[in-house]
Amino acid sequence: MEYSSPITDLKVSDAIGSQLSGSEARQVWNDYKFARLNQARNKVLLEKADIVIVRFTEQYRQFNSAFEAGFAVAQGKPLISWHDESLNHALKDIDSVSVAVAHNADEVVKALSFICC
């Protein structure tokens, strides 16, 4: 099995666009550059994926992750939604199209073990 993931270090992720083509005078354009690059990387990874696990936390509201979860489902990829129970209501739409909803790492492993037997 091979695993891959998006860049989860925000400082590294945010610096990608500037590293490739220099810094912009306005932060909004730096944000736009790295968002496009990260989205392209994530799209490539999602297209290659057999199963997608999307992780949401209370501290970081990953709106892009919700977008990518929808992309995965649209591509017919089995989706495992992973988040604390406190986010059940906020993520009900994503959970409703997931093959499993996990609230901890052990539940993710159990779901993967069953799916991938």
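- You'll find the side chain of Val52 stays beyond 4.5 Å of the side chain of Val73, heavy atoms only.
- Side-chain contact between Val101 and His83 is present, with heavy atoms from C-beta onward closer than 4.5 Å.
- The shortest non-hydrogen separation linking Asp50 to Pro78 is O-CD, 3.1 Å.
- Residues Leu79 and Ile53 fail the side-chain proximity criterion, which asks for heavy atoms closer than 4.5 Å.
- Two residues are said to be in side-chain contact when any heavy atoms from C-beta on lie closer than 4.5 Å; Leu112 and Phe114 fail this criterion.
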If you apply the rule side-chain contact (heavy atoms from CB on, under 4.5 Å), what do you find for Ser98 with Ile80, and how did you get there?
CA-CA 5 Å; Ser98 299; Ile80 297 173; over 6 Å; no
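- Leu87 places none of its side-chain heavy atoms less than 4.5 Å from the side chain of His89.
- Between the NZ atom of Lys43 and the CD atom of Gln75 there is a distance of 7.5 Å, given to the nearest 0.5 Å.
- Phe56 and Val97 end up in the same hydrophobic cluster when Ile, Leu, Val, Met, Phe, Trp and Tyr side chains are linked at under 4.5 Å.
- Lys77 contributes no side-chain N or O that, together with a main-chain N or O of Phe71, makes up a donor-acceptor pair within less than 3.5 Å.
- For Asp84 (side chain) and Ser86 (main-chain N/O), no donor-acceptor pair under 3.5 Å exists by modelled atom type.
- Here CG of Asp95 is found 4.0 Å from OG of Ser81. Values are rounded to the nearest 0.5 Å.
- Looking at heavy atoms from C-beta onward, Glu68 lies in side-chain contact with Leu46 at the 4.5 angstrom threshold.
- For NZ of Lys92, the number of neighbouring non-hydrogen atoms (other residues, nucleotides, ligands) closer than 6.0 Å is greater than 12.
- You'll find the side chain of Val99 reaches within 4.5 Å of the side chain of Ile115, heavy atoms only.
- For the atom pair CD (Glu85) and CG (Asn104), the distance works out to 9.0 Å, reported to the nearest 0.5 Å.
- Between Trp82 and Glu107 there is no side-chain heavy-atom pair separated by less than 4.5 Å.
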